[in-house]
Amino acid sequence: DLLGRAGLGEDVGAWGVYVAPRFFDERWKASGVSMVQTLSLWRDCEAARRFAYGGLHRDALKRRSAWFQPPQWPGYVLWWVPEDIVPTWSDGVRRLEILADAGPTASGFSFARSYDESGHPELAKQVAAH
């Protein structure tokens, strides 16, 4: 589990240098609160949704309030990546910060307000998610 041992600023190969969003600032570091980040690739949003809200991961999500402080920013960001591109930590951090600042866009979105590969809102799923 390379990423579990990676420290900020460490080069983790194809994923680039391990970086944190600006939300994890000096106050958070000084408080001793830990930061959990993952970066993963999925074929499509539905596959990611099935993982996130199914099986063991769903059970863990139900208990997250016992393990983590409620974040003041989005907990995840989704975006489409061409098949020949490997996203980096910097890509993920930048898109998470954009989502926090501007809300869902084709550059970064959530399951509740997703976009298709062409950059168009997936309206039918948005209605079903609420």
Side-chain angles (χ1 to χ4, degrees):
D1 177 53
L2 171 66
L3 297 180
R5 295 188 304 262
L8 289 175
E10 185 176 332
D11 187 336
V12 291
W15 297 101
V17 174
Y18 184 69
V19 295
R22 70 172 186 268
F23 321 118
F24 193 70
D25 60 16
E26 293 305 318
R27 289 173 298 166
W28 277 86
K29 292 175 194 173
S31 74
V33 174
S34 63
M35 172 187 65
V36 177
Q37 293 189 118
T38 62
L39 183 61
S40 59
L41 291 172
W42 296 90
R43 172 82 38 215
D44 55 42
C45 290
E46 191 53 38
R49 183 192 322 265
R50 281 192 308 269
F51 171 79
Y53 297 109
L56 290 175
H57 197 261
R58 181 186 64 213
D59 294 342
L61 282 177
K62 288 179 184 177
R63 299 183 59 199
R64 69 181 167 227
S65 64
W67 300 326
F68 304 107
Q69 291 182 353
Q72 314 222 342
W73 53 82
Y76 67 92
V77 64
L78 303 166
W79 74 95
W80 292 100
V81 179
E83 286 205 29
D84 59 338
I85 299 294
V86 175
T88 64
W89 282 104
S90 293
D91 295 332
V93 163
R94 180 175 48 83
R95 290 170 186 271
L96 184 68
E97 290 175 349
I98 290 170
L99 176 61
D101 294 341
T105 66
S107 295
F109 50 89
S110 66
F111 291 122
R113 295 198 46 210
S114 61
Y115 288 73
D116 65 22
E117 289 180 82
S118 300
H120 298 101
E122 292 186 325
L123 298 175
K125 290 187 179 179
Q126 289 176 22
V127 172
H130 294 294

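One-based numbering along the sequence shown.
The distance from the CD atom of Glu117 to the CD atom of Glu122 is 9.0 Å, given to the nearest 0.5 Å. The CG atom of Leu8 lies 9.5 Å from the CD atom of Glu10; values are rounded to the nearest 0.5 Å.
Taking all atoms of both residues into account, the shortest heavy-atom contact from Trp80 to Arg43 is CZ3-O, 3.9 Å. A pairwise comparison of heavy atoms in Thr88 and Ala14 identifies CG2-O, 4.1 Å as the closest pair. Across Phe23 and Ala100, no two heavy atoms sit closer than the pair CZ-CB, 3.5 Å. When all heavy atoms are compared, the tightest approach of Pro87 to Trp15 is O-CE3, 3.3 Å. Taking all atoms of both residues into account, the shortest heavy-atom contact from Cys45 to Leu78 is SG-CD1, 4.4 Å. Scanning both residues, Asp91 and Val86, for their nearest heavy atoms gives OD2-O, 4.5 Å.
Neither Leu99 nor Trp42 shares a network with the other; the hydrophobic side chains, linked directly or stepwise wherever heavy atoms of I, L, V, M, F, W or Y lie under 4.5 Å apart, form separate groups for each. If you chain together hydrophobic residues whose side chains sit under 4.5 Å apart, Val12 and Val93 fall into the same group. Linking ILVMFWY side-chain heavy atoms closer than 4.5 Å, directly or via other members, places Leu41 and Phe51 in two distinct hydrophobic clusters. Under the 4.5 Å side-chain heavy-atom criterion for ILVMFWY residues, a single connected hydrophobic cluster contains both Ile85 and Val17.
With salt bridges taken as basic N to acidic carboxylate O contacts below 4.0 Å, none links Asp59 and Arg64. Of the charged side-chain nitrogens involved, none lies within less than 4.0 Å of a carboxylate oxygen, so that Glu97 and Arg94 do not count as a salt-bridged pair.
Ring pair Tyr76/Phe111 is tilted by interplanar angle, where 30° to 60° counts as tilted. Using cut-offs of 30° and 60° for the angle between ring planes, the Tyr18 and Trp89 rings count as perpendicular.
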*Apply ring pair (Phe, Tyr, Trp, His ring centres under 6.0 Å) to the pair Phe109 and Trp79, showing each step before the final yes or no.*
CA-CA 6 Å; Phe109 50 89; Trp79 74 95; 8.8 Å; no
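Each of Ser90, Pro21, Ser107 was scored for a side chain to side chain contact (heavy atoms under 4.5 Å, CB included) with Arg95, with one residue passing: Ser107.
Under the 4.5 Å side-chain criterion, counting only non-hydrogen atoms from C-beta, Pro74 is in contact with Leu96.
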